[in-house]
Amino acid sequence: MAADVGLLGLGVMGRSLALNLADHGYRVAVFNRTAATMERFVAEHPDTPGGLVGCESVADVLRALKPPRIVLLMVTVGSAVDGFVRSLLEAGLEPGDLVVDCGNSLWTDTARREREYAGRCRFVGSGVSGGEVGARFGPSLMPGGDPGAWAVLRPIWEAIAARVDPATGEPLEGA
């Protein structure tokens, strides 16, 4: 069965976001530069509703995903983001595929990346706020980029985001 979303980077925030996605029924292809970290993470969470698919390379992540492929980057801001996008492009990322930088990159870097990768993939910057608990159970998500790319990402982000009472601004329990 093909995965719905790929996630690269299994640090604290990446692990939490992957589990949030899987808890909401998304099958998540996960990758970490250290294969043992990925293998341990997948082994520790065998029963998530959506499931986790361990991948040993970014090419494996792309092969595991159904089109259009959606790849979330939970890596250090800066050159690591560009390095992973380049690796994805070399591995076969296509113009309709979507890469989402979930770090808190400088907005000018996000705008540059959107221009630089245009025509080769869609790129969105979307900070994930709320720390480990937020990423796991309902983060504040701040996407920015092409409206067409947002249309692809929106159902996923709306499924996993924090929910608040519009009248009071208080978190909705169980949301």
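Hydrophobic clustering keeps Leu72 apart from Val58 (ILVMFWY residues linked when any side-chain heavy atoms are closer than 4.5 Å, directly or through intermediates). Residues Leu73 and Ile70 do not share a hydrophobic cluster, defined by chaining ILVMFWY side chains whose heavy atoms lie under 4.5 Å apart. Using a 4.5 Å cut-off between side-chain heavy atoms of Ile, Leu, Val, Met, Phe, Trp and Tyr, with links allowed through other members, Leu141 and Leu98 fall into the same hydrophobic cluster. Grouping the Ile, Leu, Val, Met, Phe, Trp and Tyr side chains by contacts below 4.5 angstrom, directly or via other members, places Leu89 with Leu62. Residue Val99 is not grouped with residue Leu7 when hydrophobic side chains (ILVMFWY) are merged at heavy-atom distances under 4.5 angstrom, including chains of intermediate members.
A donor-acceptor pair is defined here as one N or O able to donate and one able to accept, closer than 3.5 Å; such a pair exists between the side chain of Asp97 and the backbone of Arg69. With Asn32 contributing its side chain and Thr37 its backbone, the two residues share no donor-acceptor pair below 3.5 Å. Between the side chain of Arg15 and the main chain of Leu10, a donor-acceptor pair closer than 3.5 Å is present. In terms of modelled atom types and a separation under 3.5 Å, the side chain of Arg27 and the main chain of Gly25 share no donor-acceptor contact.
Ring orientation note: the planes of Tyr117 and Phe123 are tilted relative to one another, at an angle of 30° to 60°.
When all heavy atoms of Leu65 and Ala29 are compared, the closest pair comes out as CD2-CB, 4.4 Å. The nearest pair of heavy atoms linking Cys55 to Val61 is CB-CG2, 3.6 Å. When all heavy atoms of Ala22 and Val28 are compared, the closest pair comes out as N-CG2, 4.0 Å.
Pro68 is listed as a side-chain neighbour of Arg122, based on a closest heavy-atom distance under 4.5 Å. Residues Asn20 and His24 are in side-chain contact: their nearest non-hydrogen atoms beyond the backbone lie under 4.5 Å apart. Contact annotation: the side chain of Arg136 approaches that of Asp23 to within less than 4.5 Å [non-hydrogen atoms, C-beta and beyond]. Using a 4.5 Å cut-off on side-chain heavy atoms (C-beta onward), Leu17 and Ile160 make contact. The shortest side-chain heavy-atom distance between Trp157 and Val124 does not fall under the 4.5 Å cut-off.
A distance of 9.5 Å separates CD in Glu116 from SG in Cys121, rounded to the nearest 0.5 Å. Here the CZ-CG distance, from Arg112 to Asp82, works out to 4.5 Å after rounding to the nearest 0.5 Å. For the atom pair CG of Asp146 and CG of Leu153, the computed distance is 11.5 Å after rounding to the nearest 0.5 Å. The CZ atom of Phe41 lies 5.0 Å from the CG atom of Leu52; values are rounded to the nearest 0.5 Å. With values rounded to the nearest 0.5 angstrom, Met74 atom CE is found 11.5 Å from Leu8 atom CG. Atom OG of Ser57 and atom CE of Met38 lie 9.0 Å apart (nearest 0.5 Å).
The environment of CD in Glu56 is sparse: at most 12 heavy-atom neighbours from other residues, nucleotides or ligands sit within 6.0 Å.
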Inset, instruction - For side-chain hydrogen bond (donor to acceptor under 3.5 Å, both in side chains), just list the numbers for Asp101 and Ser105, CA-CA rounded to whole Å, side-chain angles, deciding distance to a tenth of an Å, and then say yes or no. - result: CA-CA 8 Å; Asp101 174 12; Ser105 290; 2.5 Å; yes
